[in-house]
Amino acid sequence: MTTKEILQRARAEKRSVLTEIEAKQILQEAGIECTNTKLAASKDEAVLLSEKIGYPVVLKISSVDITHKSDAGGVKVNLKNKESVENAFDEIMKACTSQFPKADIEGISVQGMAEPGIEVIIGMTNDPSFGPVLMFGLGGVFVEVLKDVAFRIVPIERVDADEMIKEIKGRKLLEGYRGQDPADIPFLVNMLLKLSDFVENTPGIKEIDMNPVFAYQTGAMVVDARIILEEQ
Ligand code: ADP
Ligand code: MG
């Protein structure tokens, strides 16, 4: 489905939360690289998709009512074969239905296991006075505990994206710390520019959260994405 179709369908269903699959489809269309993520409605389909995508894979609950998927036991990573995919499917369903008995579950998504990288987060929120604002930070404790994030009002230019990345306190990690590979900063700058363009040209979006994005020496990959639409 195209971005236009996804947004139309969500609005027709009076739904403001998009699924990870929908969010990634939209970001992909905006030129932002995401793990290829497909919906499985059954265990058999999950196995078929895993074989098509290639092991190892990741399975995740797909429900607009469950936005914090791992907290609900809804994420299983590094599944290496048919048997582990089948077990993961059952375990995810069991955990999520017992914690969220009323959740509308459309199935379980299957995606390739991304190579580990430096975890960053890239997002957009709507500020009551400034309008759409982009956010960049390092993932995990850096954002949760240290609130080490940079913000800029949309639209941004290359120099703004550059500054956003340079001004976070943890930037040394991106530049290659203690023998770690440095991140591809020009690639991250381009991601921020693409997000800015997308937000500028797509009305009705309240929030975008790419968390985490794995940053590599060459390129970067979005492994989880969430999009919230404005209430109509
Ligand atoms: P949540 O809804 O809890 O944020 P995520 O989709 O972010 O769920 O998954 C939880 C964690 O699992 C991520 O922070 C990441 O470390 C790991 N993960 C998720 N998807 C992938 C993937 N495709 N490849 C590798 N690791 C992944
Ligand atoms: Mg996440």
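All figures in this text were calculated on a predicted structure; none of them were measured in a lab. All ligand and atom numbering here is 1-based and tracks the order in the structure.
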Check: Leu59 and Ile92 side chains under 4.5 Å, non-hydrogen atoms:
yes
min-distance protein heavy atom vs atom 22 (C) of ligand 1 -> Val58 CG2, 3.6 Å
Which of the atoms of ligand 1 are close to Thr67, meaning less than 4.0 Å from one of its heavy atoms?
2 (O)
Return the residue, atom name and 0.1 Å-rounded distance of the protein heavy atom closest to atom 5 (P) of ligand 1.
Asp224 OD2, 3.4 Å
Residue part near ligand 1, for Met113, under 4.0 Å between non-hydrogen atoms:
both
How far is atom 15 (C) of ligand 1 from its nearest protein heavy atom, and which residue and atom is that?
Pro212 CG, 3.9 Å
Can you name the atoms of ligand 1, numbered from 1 with element, that are less than 4.0 Å from a heavy atom of Phe214?
25 (C), 26 (N)
Is there a donor-acceptor contact under 3.5 Å from the side chain of Asp65 to the main chain of Asp104?
yes
Heavy atom of the protein closest to atom 20 (N) of ligand 1 (residue, atom name, distance):
Lys60 NZ, 3.1 Å
Are any side-chain N or O atoms of Glu231 and backbone N or O atoms of Ser16, one a donor and one an acceptor, separated by less than 3.5 Å?
no
I need the single residue from Lys194, Met221, Lys24 that forms a side-chain contact (heavy atoms from CB on, under 4.5 Å) with Ile32. Which is it?
Lys194
For Ser84 and Asn81, test the side chains for any donor-to-acceptor distance below 3.5 angstrom and give the result as yes or no.
yes
Report the C-alpha distance between Asn211 and Arg226 in whole Å, list the side-chain angles of each, state the deciding distance to 0.1 Å, and finish with yes or no for side chain to side chain donor-acceptor pair (under 3.5 Å).
CA-CA 8 Å; Asn211 181 9; Arg226 204 157 61 102; over 6 Å; no
My understanding is that only one of Ile53, Leu79, Val58, Val223 makes a side-chain contact (heavy atoms from CB on, under 4.5 Å) with Met113; could you say which?
Val58
Starting from atom 12 (O) of ligand 1, find the nearest protein heavy-atom neighbour and note its residue, name and distance.
Val77 CG1, 3.9 Å
Apex the Mg ion (ligand 2) - arms O from Asn211 and OD2 from Asp224 - angle rounded to 10°
90°
Tell me whether ligand 1 is touched by Glu119 - counting only heavy atoms on the residue side and a distance under 4.0 Å.
yes
Does CD in Glu29 sit with more than 12 non-hydrogen atoms of other residues, nucleotides or ligands closer than 6.0 Å?
yes
Does ligand 1 have any atom sitting under 4.0 Å from a heavy atom of Thr37?
no
Could you see if Ile66 belongs to whatever hydrophobic cluster contains Val17? Use Ile, Leu, Val, Met, Phe, Trp, Tyr and a side-chain cutoff under 4.5 Å.
no
Is the shortest N/O to N/O distance between Lys69 and ligand 1 below 3.5 Å?
yes
Please identify which atoms of ligand 1 are closer than 4.0 Å to at least one heavy atom of Asn211.
7 (O)
The atoms of ligand 1 lying under 4.0 Å from a heavy atom of Gln111, numbered in the order shown, are 23 (N)
With respect to atom 3 (O) of ligand 1, which of Ala225, Ser70, Gly117, Ala114 exhibits the smallest heavy-atom separation?
Ser70
Do Asp44 and Ser42 have side-chain atoms, one donor and one acceptor, less than 3.5 Å apart?
no
Within the structure, does Gly112 bring an N/O atom to less than 3.5 angstrom of an N/O atom in ligand 1?
yes
